Structure formats: structure tokens, C-alpha cells
Protein chains: 2
Amino acid sequence: MKNITVGKLAKYTGINLETVRYYEKIGLLPVPERTESGYRVYDDNDVKRILFINRAKELGFTLKEIKELLNLKIESGKKCGDVKNIAVRKIKNVEKKIEDLIRIKSVLEKLVAQCSNESITTNECPILEAIELN
Amino acid sequence: MKNITVGKLAKYTGINLETVRYYEKIGLLPVPERTESGYRVYDDNDVKRILFINRAKELGFTLKEIKELLNLKIESGKKCGDVKNIAVRKIKNVEKKIEDLIRIKSVLEKLVAQCSNESITTNECPILEAIELN
DNA sequence: ATAAGCACCGTAGTATAGTACGGAGTCAAG
DNA sequence: CTTGACTCCGTACTATACTACGGTGCTTAT
């Protein structure tokens with residue numbers, strides 16, 4: 001998919017056209033090429049990028065963090081250490097999220113199981129078990 | 001921990017005192033008991049609840065969704081089907097999040113590995129690989 | 001018994017992340 | 001060559017989730 005307009009980009013990704021401009025303004029989307037008449041021109045990569053942004057948001061990353069994720073690339077050997085450090089931090093962060101989600105999932109599964117054998121009543125909030133106190 | 005004040009609750013959970021009142025207003029925290037003079041009284045369970053809210057937020061749940069999660073309990077046998085339906089939906093949602101996070105994690109790990117053998121340069125955005133196009 | 005430190009309340013302000021508006025120019029189908 | 005759909009832009013508005021303010025009342029340590 002090459003040379004698509006902002007309207008199509010918005011349509012393909014399910015976001016608002018104005019949101020595309022907004023993402024451009026805050027540096028989340030690269031400044032696009034323009035046609036002679038000044039229309040923005042996008043392609044595949046922009047679609048991918050927005051889909052990634054959409055998912056990352058649902059995973060609890062802020063736009064600022066998403067920007068950081070998207071900027072994680074190794075540019076001509078230099079700054080490799082920085083990239084590595086950030087990536088390692090992000091990995092830890094992601095691992096913690098996965099752990100918590102697994103814990104939430106297992107509580108939900110337990111709840112469904114209890115629902116199946118009708119009889120049991122939980123008057124306390126079972127989901128609270130998903131978080132460990134320290 | 002019993003009979004703690006709103007200030008202590010805020011301190012233990014790392015949230016702002018005003019946020020506690022806000023959570024109460026939107027029904028995310030139960031209406032607490034009051035002292036004779038009208039002070040809110042909290043305990044362990046409220047601490048747990050707020051810690052859960054804090055984590056759930058970082059996992060990309062909105063306050064509305066968190067409320068739904070916290071209300072997932074089986075009350076005296078009835079409405080068990082509803083609870084089950086909601087829980088099953090939430091499980092699917094959580095599974096999708098876990099999958100996406102695993103994919104993001106593996107991209108980040110690949111990046112760190114590339115960083116380690118110095119030579120490779122990635123000029124494109126590697127994190128975009130974490131989302132599959134369909 | 002008095003001052004510092006909490007808590008009460010409603011209301012207003014802030015940050016983040018969009019979303020809408022409206023007047024003007026552009027493109028493409030008939 | 002016009003009409004309708006699309007795009008441009010800046011600005012302003014909205015929703016969510018807090019966060020601060022400020023006047024008053026309560027609690028507690030000296």
C-alpha cells in the first residue's frame with residue numbers, strides 16, 4: 001500500500017483523521033511527504049505504526065512511552081548502549097505486566113469455575129487476590 | 001490494619017488523598033464508615049483495593065473496567081450467569097493483552113541481542129514487528 | 001487551652017488524549 | 001466545468017483521571 005491519503009490511513013486503522021494530525025504534532029508519527037498541493041502522503045509503514053500505537057495504548061503504555069518504544073532502533077552502531085538500557089528496562093516492565101495479567105486471568109478462571117458449580121457464594125471481592133500485598 | 005484515616009490510606013497506597021475521595025465519588029471505592037465527627041474510616045481491604053486499582057491502570061484498564069472487575073463476585077447464587085459471561089469476556093481480553101506483551105517482549109529481546117553483537121544497524125523501527133498485520 | 005496538623009466539603013484547575021468546527025483550497029466523476 | 005467528497009489549518013471543545021484550593025471543623029501534643 002503506497003501513497004495513501006490521510007483519510008484512508010484513518011479508515012484502515014480505525015482512528016480519527018484529526019488524531020492522525022495530532023499524532024504527527026506530538027511526534028508519534030513522522031512528518032509525512034506532501035503532494036504538490038500539500039496533501040499528506042502515507043504508506044504501509046504508517047498503517048503498521050498506528051496499529052502498534054493502538055495496541056500499545058490498550059496495554060497501558062502512554063503515548064510518551066509508545067514514542068520511546070518506537071524510537072528504539074540502533075542507528076549506525078552508536079548509542080547502542082542507550083538503546084540496550086532502555087530496552088532492558090522495558091523488558092522488565094513488560095514482564096511485570098505479563099505476570100500481573102496472568103494472575104488476574106487465573107482469578108477470573110477460578111471465578112468462572114465457581115460459577116459452574118453453582119453453589120458457592122463469594123461475598124468478598126475475589127479479584128483482589130490477584131494483587132499481592134508486600 | 002484497622003481504622004485508618006484517609007491520609008494514612010493515601011500514604012500506604014501512594015495515591016493522593018483527593019484521589020481517594022474521587023474514587024469514592026465514582027463508586028470505585030465503597031462508601032466508608034465514618035467517625036462521630038465525620039472522618040472516613042478505612043482498613044486493609046481498602047488498601048488492597050487501591051493497590052489493585054493502581055496495577056490495573058498500568059495494565060491498560062480504564063477506571064470503568066476496573067470497577068467491573070472489582071464487582072465480579074457471586075452474590076447468593078443469583079446472577080451467576082452474568083458474572084460468568086463478564087468474566088469469560090475479561091479472560092479473552094486479558095489473554096490478548098498477554099499475547100501482545102509477549103510479542104513486544106520478544107522484539108525487545110531481539111533488539112538487546114542485536115545490540116550485543118555491536119555490528120548490526122536497524123534503521124527501520126523494529127518494534128513494529130510486534131504487531132501482526134491482517 | 002492552644003497551635004500544628006488532619007480532615008471535611010464543593011468547586012475549580014490541570015494533564016493527557018483526543019475530537020469537532022469552519023472557512024478555504026483540491027480532486028475526480030459526471 | 002461544476003458539484004460533492006476530501007484535505008488543509010488553527011483553534012476550541014470534550015472526556016477521563018486526577019489535583020489543588022480554601023474556608024471551616026476536628027485531634028493531639030505540648
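The structure displayed is predicted, hence computed values, not measured ones. In what follows, chains are A, B, ... by sequence order, proteins preceding strands, each numbered from 1. Both backbone and side-chain heavy atoms feed into the values below; hydrogens, waters and symmetry mates do not.
The distance from atom CG of L9(B) to atom P of dC6(C) is 15 Å, rounded to the nearest whole Å. A straight line from NZ of K64(B) to C1' of dA15(D) spans 12 Å, rounded to a whole angstrom. We find that CD1 of I53(B) is positioned 17 Å from P of dT16(D), with the value rounded to whole Å. In this structure, the OH atom of Y22(A) is 15 Å from the C1' atom of dA20(C), given to the nearest Å. Spacing between atom NZ of K11(A) and atom C1' of dA5(D) amounts to 12 Å, rounded to whole angstrom units. Nucleotide dC27(C) holds its P atom 13 Å from the CZ atom of R34(A), rounded to whole Å. For the pair L28(B) CG and dT16(D) P, the computed distance is 14 Å after rounding to whole Å. With rounding to whole Å, L63(A) atom CG is found 9 Å from dG18(C) atom C1'.
Note on T19(A): every side-chain N or O is 4.0 Å or more away from OP1 and OP2 of dG18(C). Of the side-chain N and O atoms in K25(B), none sit less than 4.0 angstrom from OP1 or OP2 of dC9(C). For T62(A), no side-chain nitrogen or oxygen approaches OP1 or OP2 of dT16(C) to under 4.0 Å.
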- Verify side-chain contact (heavy atoms from CB on, under 4.5 Å) between L128(A) and L70(B), making sure each step is shown before the conclusion. CA-CA 7 Å; L128(A) 290 182; L70(B) 287 167; 3.7 Å; yes
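In this model, a side-chain donor or acceptor of R21(B) finds a partner on the base of dG10(C) within 3.5 Å. If you check distances only, the side chain of Y23(A) never reaches the base of dG18(C) with a donor-acceptor pair under 3.5 Å.
Within a 6.0 Å radius of NZ in K57(B), other residues, nucleotides and ligands contribute more than 12 heavy atoms.
At a threshold of 4.0 angstrom between heavy atoms, the contacts of T35(B) with the nucleic acid are absent. Looking at heavy-atom distances under 4.0 Å, L17(A) makes contact with sugar-phosphate atoms alone, never a base. Residue contacts shown for R40(A) are limited to sugar-phosphate atoms, with no base heavy atom under 4.0 Å away.
Projected onto DNA chain D by closest heavy-atom contact, E18(A) and Y39(B) fall at different nucleotides, the more 5' of which corresponds to E18(A).
Remark: of the listed residues V20(B), N16(B), I15(B), N16(B) is the sole one forming a side-chain contact (heavy atoms from CB on, under 4.5 Å) with E18(B).
The shortest distance between side-chain heavy atoms of I66(A) and F52(A) falls below 4.5 Å. K64(A) has its side chain out of reach of E68(A): every pair of non-hydrogen atoms, C-beta onward, lies at least 4.5 Å apart.
Here dA20(C) is the nucleotide among dA20(C), dT19(D), dG25(D) with the atom lying nearest to any side-chain atom of N16(A).
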